[in-house]
Amino acid sequence: MDIFSVLTMVGGLALFLYGMDVLGDGLKKASGGKLEIILEKLTANKLMAILLGAGVTAIIQSSSATTVMVVGFVNSGIMKLGQAIGVILGANVGTTVTAWLLSLTGVEGSGIFFEFLKPSSFSPILAITGVIMMSMCKREKHKVAATIMVGFAVLMFGMDTMSSTVKPLAENPDFIDILLMFSNPVLGMLIGLVLTAIIQSSSASVGILQALCVSGAVSYSTAIPIIMGQNVGDCVAALLSSASAGRQAKRAALISLYYKVIKVVGFMVIFYALNAVFQFTFLNRPASALGVAAIHTMFNVVAVVAMYPFTWVLEKLAYLTIPESDDETKASAQGKKEIQILDARFLSTPRVAIEQCKNAAFDMASYAKDGLFLAMELFDKFDQKAADKVIELENLVDHYEDELSAYLVKISSKHLTEKDSQEVTILLHCIGDFERISDHAVNIMESAKEMYEKDLRFSKKAMEELAVFSKAVRNIINASVQVFRQEDLQLANAVEPLEEVIDYLNSEIKKRHVKRLRKGKCTIEMGFILSDISTNYERVSDHCSNIALCLLQLNEENFGTHEFQEHLSNKNNDRFVEEVKRLQEQYKLP
């Protein structure tokens with residue numbers, strides 16, 4: 001084998017690894033993160049978790065990516081450790097699909113059907129089609145489809161190049177001697193483990209083994225130990241990912257390691273014990289790419305079936321390795337739920353990261369609403385504990401805004417679809433509005449506190465007017481939070497007319513106070529407090545309007561925010577005017 005053959009083989013390997021990377025990225029974009037979101041929500045049933053883990057991994061072509069995602073879910077408290085086990089088991093089965101696709105390099109036979117199954121025949125067609133689509137198509141989903149085609153074509157071309165280069169090595173005694181070394185089970189496992197750990201993909205390392213098998217010099221006695229080592233080496237990515245994570249995430253990564261070690265050691269002990277008794281003759285036969293795929297699949301399927309009743313053992317081992325800390329025990333006993341942490345692992349799948357941001361933003365919206373309602377209740381009966389709770393909620397909302405803003409900025413630096421980019425922008429705007437609502441809640445609480453400390457009271461008329469105003473504000477905040485959580489566009493259209501009515505109430509209540517002041521029925525000091533409350537109420541409604549408009553804008557591509565607001569509240573819009581009149585009657589001041 002001369003230097004040019006070596007260069008050709010290395011070039012084929014480079015194309016193979018690059019093609020696998022491009023293919024994986026394309027498949028992740030095509031799934032749009034939906035698969036991972038389903039994985040997060042439908043893993044309560046152990047069997048369903050295994051099937052989902054297998055399905056997601058088969059589609060995105062990476063058990064490492066699935067396992068790392070699971071570590072992220074566990075670290076964030078979204079998925080329990082017991083649920084993660086099923087997904088990890090399933091991911092090991094799903095990753096074997098790649099080996100079956102790569103086994104096409106070993107297809108032999110005559111006729112046009114068999115010719116088209118060979119990579120050398122269909123790879124150029126896929127590559128040409130993909131490049132044309134990339135050049136001519138404008139839509140994102142067509143470009144993603146083109147990326148998948150090109151990635152798969154490059155992958156198969158690299159695989160075919162490696163296979164054709166190593167084929168002549170079957171006659172090379174030095175090459176055969178090296179391979180015979182790896183027929184030793186321990187050495188074979190080590191080379192499979194190290195290779196997979198380096199390239200961090202069992203699919204890729206199995207593909208390299210399949211390419212070597214085309215030479216005819218790799219026997220099953222060599223291939224089987226290498227396959228076993230590849231299965232263990234695949235957990236390195238998850239272990240590295242969990243290094244900076246919480247204790248639960250570390251346990252999830254250890255479960256992946258323990259499962260793979262147990263299944264590989266168990267298989268090796270049983271297989272070689274049986275071989276010592278029955279002397280399996282097929283071990284000396286040349287391994288094929290198809291044979292490697294079959295062994296890889298059967299091994300993982302049998303391991304899942306055998307381990308299914310004993311998944312609790314894996315969880316027990318993880319807890320024995322990393323015992324439950326005092327803080328965890330206390331939190332569990334008190335039923336406390338930690339603030340959801342936006343895990344950096346999700347950034348590699350922006351759609352999932354955005355979904356986690358939305359979940360955290362929903363919590364933030366609830367805290368802002370709770371703080372506002374609590375502050376409004378203090379006018380009826382002031383309570384210092386409730387006032388302290390308003391401040392506590394405001395601090396919590398501030399923390400959420402800081403975390404979410406920083407995380408959303410990181411997401412925005414990723415390659416996003418137009419829809420995802422819009423959602424990130426909307427979230428950034430909305431969390432800012434919820435944070436300001438929380439600030440106004442503190443202002444309202446301080447007004448109530450001032451009245452309590454100075455023993456001040458509103459007149460009966462002012463209290464009746466404020467009760468109507470408070471009811472309108474409660475309804476608009478409830479509506480805006482529901483719009484945000486459910487993306488209810490019909491309800492979003494109803495927010496702006498209510499905001500218009502709240503503007504009127506703000507103006508009217510201040511006018512009425514001035515009249516009472518002239519008649520000596522109210523004091524200037526109470527006027528300042530009423531003005532502060534009324535202004536805060538009005539500004540809360542403005543932020544509610546912003547939230548509704550943001551959601552409407554996401555579904556209305558022809559308008560900018562200000563132009564959209566102007567369009568929505570156009571006085572010539574009969575429906576808008578009628579709705580405002582109806583609401584004015586509903587919130588009529590006494």
Side-chain angles (χ1 to χ4, degrees), residues 24-43 52 56 59-60 62 65-66 68-79 139-141 143-144 147 241 245 249 339-368 397 399-435 480-489 492 546-557 561:
D25 285 345
L27 289 167
K28 285 177 187 176
K29 288 176 185 175
S31 71
K34 293 175 185 175
L35 295 170
E36 289 87 345
I37 293 164
I38 292 170
L39 194 69
E40 168 199 337
K41 295 178 179 177
L42 301 178
T43 52
L52 282 171
V56 170
I59 292 171
I60 67 174
S62 175
T66 304
V68 168
M69 188 68 63
V70 167
V71 169
F73 285 143
V74 172
N75 191 51
S76 298
I78 301 166
M79 186 182 287
R139 298 184 68 179
E140 182 75 21
K141 66 178 183 180
K143 287 184 177 292
V144 169
T147 301
S241 174
I339 297 172
Q340 181 177 327
I341 298 170
L342 298 168
D343 203 298
R345 292 163 190 78
F346 299 140
L347 292 172
S348 59
T349 313
R351 184 65 250 168
V352 177
I354 291 170
E355 283 299 314
Q356 301 318 311
C357 284
K358 287 168 75 173
N359 290 335
F362 294 158
D363 290 340
M364 178 185 176
S366 295
Y367 294 137
V397 169
H399 173 66
Y400 266 83
E401 191 205 18
D402 291 341
E403 292 289 323
L404 279 164
S405 297
Y407 197 77
L408 286 165
V409 168
K410 290 178 183 176
I411 295 174
S412 64
S413 67
K414 303 294 180 182
H415 180 69
L416 303 176
T417 64
E418 186 178 346
K419 179 79 170 176
D420 287 344
S421 183
Q422 281 183 319
E423 282 204 51
V424 169
T425 303
I426 297 303
L427 279 170
L428 280 167
H429 281 298
C430 287
I431 63 174
D433 284 306
F434 282 120
E435 192 277 330
S480 64
V481 170
Q482 186 177 335
V483 165
F484 182 63
R485 291 183 69 93
Q486 300 177 8
E487 296 187 15
D488 188 335
L489 300 183
N546 290 343
I547 292 162
L549 287 168
C550 276
L551 268 296
L552 287 168
Q553 184 190 10
L554 184 63
N555 294 273
E556 185 69 41
E557 298 176 357
T561 305

Can you give me the closest heavy-atom contact between [X] and [Y], atom names plus distance?
X    : Y    : value
V74  : A249 : CG1-N, 3.9 Å
H429 : C550 : CB-SG, 3.7 Å
A368 : V397 : N-CG2, 3.7 Å
L551 : L489 : O-CD2, 3.9 Å
I431 : A361 : CG2-CB, 4.1 Å

Once you round to the nearest 0.5 Å, how far does [atom1] of [X] lie from [atom2] of [Y]?
X    : Y    : atom1 : atom2 : answer
L549 : C430 : CG    : SG    : 10.0 Å
R485 : N359 : CZ    : CG    : 8.5 Å
F434 : Y400 : CZ    : OH    : 13.5 Å
L427 : C357 : CG    : SG    : 6.5 Å
L404 : E435 : CG    : CD    : 12.0 Å
I354 : Y407 : CD1   : OH    : 10.0 Å

Check your understanding: Which salt bridge (Lys or Arg N to Asp or Glu O under 4.0 Å) pairs, counting each pair once, include a residue from residues 405-415, with sequence neighbours left out?
Key -> none
Study note, to complete from the structure: Only one of T425, I426, V424 passes side chain to side chain contact (heavy atoms under 4.5 Å, CB included) with L428, and that residue is V424
Practice item. Check salt bridge (charged side-chain N to carboxylate O under 4.0 Å, His left out) between E423 and all other residues, then give those that pass, not counting sequence neighbours. Key: R351, K358
